[in-house]
Amino acid sequence: MDFICNFPFFSILLSLFSGTVCSVLSAKAARIVNRVVILAVGLMSAALLFYLLSTGESFIYWMGHFPAPWGNEIRAGVLEAGMALFFCIIMYLSMAGGAHKLPSEVVESKHNLYYILVNLLLSSLLALVYTNDMFTAYVFVEINTISACGLIMIRQVGRTIEAAVRYMIMSLLGSGLLLFGLCIMYDLTGHLLMSNIKESVELIVANGEYQVPLIVSVALMCTGLCIKSALFPFHAWLPDAYGYSTVSSAAILSSLVSKGYIFLLIKIIYRVIGFSVFNSTRMIDVLFVFGLMGMIFGSLSAIKENDIRRMIAFSSVAQIGYIYMGFGMGTQAGMVASIFHILSHAATKSLLFIAAIGLTDVSGGSRKFVDLTGAAYRNKWAGAAFTVGSLSMVGIPLFSGFISKLLFAQAAVQVEGKMLASLIVLGISTVLNAVYFMKTVIRIYTSEPEAPYEGITFRNMRAYAVTLVCFILLNIILGVSSQPVVDMIGQGLAMFA
Amino acid sequence: MYLILLSILFPAAAGLFLLIRGRTPLSGEKGNTDRKTLLALTGCFLVITASLVFASLLTVKEGFTLFFLTKTLPIYFRIDGVGRLFSLLAVIVLPCAGFFSFAYMKHEERESRYYGFYLLVFGVLNGLCFAGNLITFYLFFELLTLSSMPLVLHSGSKEAVMAGLKYLFYSLCGAYAALFGIYFLYQNCDSLTFTADGALRASAITQQGGFLLLTAFVMLLGFGVKAGMFPMHAWLPTAHPVAPAPASAVLSAVIVKAGVLAIIRVLGMFGRDFLRGTWVQSGWIILTLITVFMGSLLAYREPVLKKRLAYSTVSQISYILFGLAVMNETSFTGALFHVLAHGFVKAALFLCAGAIIYKTGKTRVEEMRGIGKEMPLTMWCFTIASLGLIGIPPTGGFVSKWYLALGSLESGLPVFGVLGPVILLLSALLTAGYLLPLTIHGFFPGADYDYGSLQKKEPCKLMTVPIFILTFLSVLIGLFPNLVDGIIVMAAAGR
Amino acid sequence: MIVSVILIPFITGILIPIIPFRKRWQKEVFLETAVVLNSTLVWYLLLHHSDSTFLLAHFTGNLNISFRVDGMSMVFAGLVSALWPFATLYAFEYMTKEEHENVFFLFYTLTYGVTLGIALAANLLTMYFFYELLTLVTVPLVMHTLTREAVLASRKYLYYSLGGAAFAFLGLIMVIVYGTTTDFILGGVLDPAKTAGKTNVLLLIYVMAFMGFGVKAAVCPFNAWLPQAGVAPTPVTALLHAVAVVKSGAFAIIRLTYYSFGTDFLKGTWAQYAVMSVVMFTIVYGCSRAVKETHLKRRLAYSTISNLSYILFGAVIMTPLGLVGALTHLVFHAVMKISSFFCAGAVMHQTDRHYVHELNGLGYKMPCVFGIFTISALALMGVPGLAGFVSKWNLAGAAAESGNPLAWGGIACLLISALLTAIYMLTIVVRAFFPGKDFDYRTVSDIRDPNWKMLLPLFVFTLFIILFGVYSQPVVDFFMSVATGAV
């Protein structure tokens, strides 16, 4: 086994450890540590990805060299490494993009805590991505929840507390359901390691035993993760949580945290239950229907919204609907589309959040659309970035959103019965997206005769602008040369099986 | 070939010249010399055009294609019998009315605009008569509408503008309905060149006969708009009274006949054999008879002279259409004869009415008591023309109505064969009823008429001479139908 | 080469705000030179085209961005590139009264490139890409004045267009999945083996995609954006909302119908009847609204709505002759409508009058403008001898020949619409030339024709209206060879 195989373990441990270290460092040092760790993890993931692509096989890493069923396992395939790399990129950019706002958002003394939470979040995300053990997954789900709550709450404005409490309750409900499902599964199979569970599940299905408990367990785990990833109608917590937390938190939460859960669900579908078994349950139809409804209702709520951050947050509900619609199609193509959309949505949504803060900054801190009039002239970079993000969300070719739309639609056509519904909803949802995003874009490009707020120049926010440019580039790269990414996803899914 | 082109392009160019020359509206106070040059120019143009037309009528035998509008649509000119007949009418009436206008338009503004469009209309009418296929014909038909509209709204009053627009939209409506038919004729004929005995392919008749009948009916209705056929006659009584009298004369005597010409062409394209005995024929006859009767009735009730004459036109044109609809040789001859007879008579009547308006300013019939004493010459012409319209021998009207009734009786059509002549007769009675009172009251104003204030108001020669000529012609063709017999026979035979 | 004609406008456009022009005429010369150069290049390209496809970039899977010159592209690219230099010339004069010129010319020139992109696209994906881009680059033009009205209009335009594209996208997907390729091939690319048993779904999606692209072509009920977008400066309304943008919609529909789904698949199905009914309704609806409208430019916009549906009517007849009719009207209407719009713009520029009832008596003070307006009005009505007649003749001829009873009804619609056209156009002419007896000429005494920059395009367009009217043979023959796939 190559040395590089240690990287997943290293990266989880590194971020966990650095989190602890941060508590004793000064705020500034903590920030540097945080950035360095994210970078390091990103580099390791990149290296791992190349390694895996060159070998073309996934590997299982025994923690402490204890074999199953006693030991805890980490598994790394192309998809896992790619996802980890991507998460790191987004996280780094989000942190960089929100850094200049941090002093005004969080009290000085809590800066350490902030970086601790971010590091913990990273470690839990990495663990969710890499783990091959259901119970470990559960544990890190909880860690994830707690650090996310902290990230929301740390801003300590009245509404953030409320938002955090709401988030906490819903999340705990979700993890509770996940735990129940896990327990039942453990009862049925007697295993906690994913590969072992899968073998047993195959046996059970083949023998035709315990049909009901199996389905109940699948349903519980699905529902739990759906709640946590804010699938319609479990999205009530989301707008406040994303809308009022700090910028970086909002960007990270919307683009990474919910995606972590979704990725876990994908792992469960492929590695625990088995794709074909999962497809034979009615679960996919349920996911499909709620996905479609999410696409419509999320957008409708966003249209009604008068606050730019909350509007973006509601848009997330719609986008998560897309992802679940892809699951609900029950085909490999649908799954590829969903995973691609995870990437594209993560890249776009964090861009939007970061750009939105630039716009509100030059509008007296107000997030109301009325005040945002002409904001793009006052902050040109944020305006351009917001436009790019919006166009991507609407699905204009060149940007990543178009590719995911394309993949979804192509996948939908191959599914008899669900084709028309998904295509039509896709169309309607695009129209709705266009309505609220374009409304905003036009608004920010409508200049008032005398702007009441100061503009901002490139010199004052070099780091911010560079971040935005990186985001835009990322978005366009995903949009233009999507083929390698799609291939990689396909390869990764093949390794899952 | 060049004669035909010249007779179309020369008046058109002359008209445009006048239009461009006189486009400044602010020079309202034009000098007398200016007006004289204008009149002299217009007079020259009219005479030259008329002689050009005569020359082409006499010399040109061959048709020719000017150019191709699209690959299969040639702009083609040819002078055949029907075209010759209508052209004859136009070339007589237009200069007459034109010279009449020299006097009549004295007090109107923007004379040059009037003459400009007048000449344009002349050119377009020549084109219409000489057109050798349906597309060329349609081209000039549209242009006719467009160029004659400014004549209607010349006075510029709100009423006149509205009437002009009404005329325009009715005519275009008709033209487009006809165009609908042309599209299908084009599909089902080998060429759109005029013929008198049907150009439809035999296969088309068997396959789409029913639809083609519908098309034919739509075309008849469409071109019928111009001819004032019920139910699309309403523009006529609106447009005539507001136009200057000579314009009304041209409108009523010639331009309305363009609709008749069009219908003759359509009949030729579809072929009378194809339409005879079908619902199209019956429907059409019913419409014409309604129009004949209704027009007379409305004219009878109408107090304004020019409007009364306009209703009379509605009625009389449908005499012609009835003759065409019966579709036999005799009635066809009658119809063609009536084209000439009505043309001369109605032009004369309108010019008389114009003279009365110009001299006395009276427009309503009841004001015209004793008018015969004031303007005896004019009223004598009016009386003779009236007799022609009623159909009393020895005027042209008698000859045409005789043929019409005879043809109808000969045709052996059920019901209409007999009903037609009866209605024609009734209508003739009504015609007498609405025209003769003018003569009677004009010459015999009654005992209480104040002879003391009587003034001679006879108009100048420019007005009376055209009226004389037209009245004379209307009697002439009645006395010696043989004069035009040759041309009518040629037309009826479709040569 | 083929990419350069798309790139040159892009570069030129971007350079305009960057280069610090000292005087206005320098900018004008620079821009006009670039545009003329590009148009020349386009024509060179069209006349010396090879049949090869130029692959710019792989997109994903077998999808790629590539360009090719075929018959349809020659028609559309030729049209656009012929009109653009004139419109630019006109814009120089018109924009003297407006603000932020640089932004205007930036996007105006970008639009040129994007429209050429649509015209030269070799496959559905490339076309879709430029189609979306077109929406984006034209929004700033609509928004240009930044008044509340303009913002609302641009917003509506954006919603409608992007929404339409979302449904057109479904058509793209169908072609990707059920077709053998996304390239444009006359006769369609659907694979019969794959489509078996899915006909109805495909037809439904076709109708959706038709309506989606139809948004740009202002098919009823998606036409509301076009009259509103008339708040844009006239060069935009004239060139984009009468030609480039709206015709892109029609062009896209023709591509979709004839080159992707294929007429064999669609002809005689319920889908054909459905879209044809919509189109027929739009023809009459647009005209009726135009008659009611009193704002000059909006009236012309409604007229455009109706006339665009003429084109679509030709397209949905789904015979080669129908395509010929559609193409004829595509080109001829462009010339006619741009000329009437430019007249309207000239009136607005010279007099600041926007409503029809304010035009009384102007005919004598601006004889050139209103003379040309009259000619374009007559042409739009379809008076023989002018361009409009030929295109209507081709359309109606195709409809009559198709043997489709609904298409026969369509002829009736065309004629009703022609009558309405006469009403809404000629009332303007009559007003201008016959203002009525008691009209006070002093109210118009200081009004005169605009200068040569505005008049030159007008005269050129008029010349073409007449030329096409009397001698359309070579053009129509060329369309015929396009429709039969000979080019």
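Below, read A as the first sequence line, B as the second, and so on, with proteins coming before strands; counting in each chain starts at 1. Computed over heavy atoms, backbone and side chain alike; hydrogens, waters and symmetry mates excluded.
- Heavy-atom distances place both the backbone and the side chain of A/L398 under 4.5 Å from chain C.
- For the set A/P484, A/S481, A/S482, the entry with the most heavy-atom pairs within less than 4.5 Å of chain C is A/S482.
- Between C/F169 and A/L406, the closest side-chain pair of non-hydrogen atoms falls below 4.5 Å.
- Ring centers of C/Y128 and A/F402: under 6.0 Å apart, within the cut-off.
- Interface remark: A/V480 contributes backbone atoms only to the contact with chain C (heavy atom separation under 4.5 Å).
- The choice from A/I403, A/V413, A/L420, A/D487 that makes the most heavy-atom pairs within less than 4.5 Å of chain C is A/V413.
- Among C/L172, C/L170, C/L204, the residue making the largest number of heavy-atom pairs under 4.5 Å with chain A is C/L170.
- The distance from the CG atom of A/L423 to the CD1 atom of C/I173 is 7.5 Å, given to the nearest 0.5 Å.
- Distance check, rounded to the nearest 0.5 Å: CD of A/Q414 to OH of C/Y178 gives 8.5 Å.
- A 4.5 Å side-chain heavy-atom check between C/L136 and A/I396 finds at least one atom pair inside the cut-off.
- Among C/A168, C/G163, C/G212, C/A166, the residue with the largest count of heavy-atom pairs under 4.5 Å with chain A is C/A166.
- Separating the CE atom in C/M208 from the CD1 atom in A/I424 is a distance of 3.5 Å, to the nearest 0.5 Å.
- Looking at heavy atoms from C-beta onward, A/Y445 lies out of side-chain contact with C/V139 at the 4.5 angstrom threshold.
- By the 4.5 Å heavy-atom criterion applied to side chains, A/M419 and C/M174 are counted as neighbours.
- Taking both residues in full, the closest heavy atoms of A/Q410 and C/V177 are given as CG-CG2, 4.1 Å, listed atom of the first, atom of the second, then distance.
- Minimum heavy-atom separation, A/P397 to C/E132: CD-CG, 3.6 Å.
- With a 4.5 Å cut-off on side-chain heavy atoms, A/K439 and C/R155 count as touching.
- The environment of NZ in C/K194 is crowded: more than 12 heavy-atom neighbours from other residues, nucleotides or ligands sit within 6.0 Å.
- Considering only heavy atoms from C-beta on, A/V435 stays 4.5 Å or farther from C/L158 through its side chain.
- Interface check for chain C: of the options A/I442, A/V431, A/T430, the most heavy-atom pairs under 4.5 Å are formed by A/I442.
- Using a 4.5 Å cut-off between heavy atoms, C/L133 makes no contact with chain A at all.
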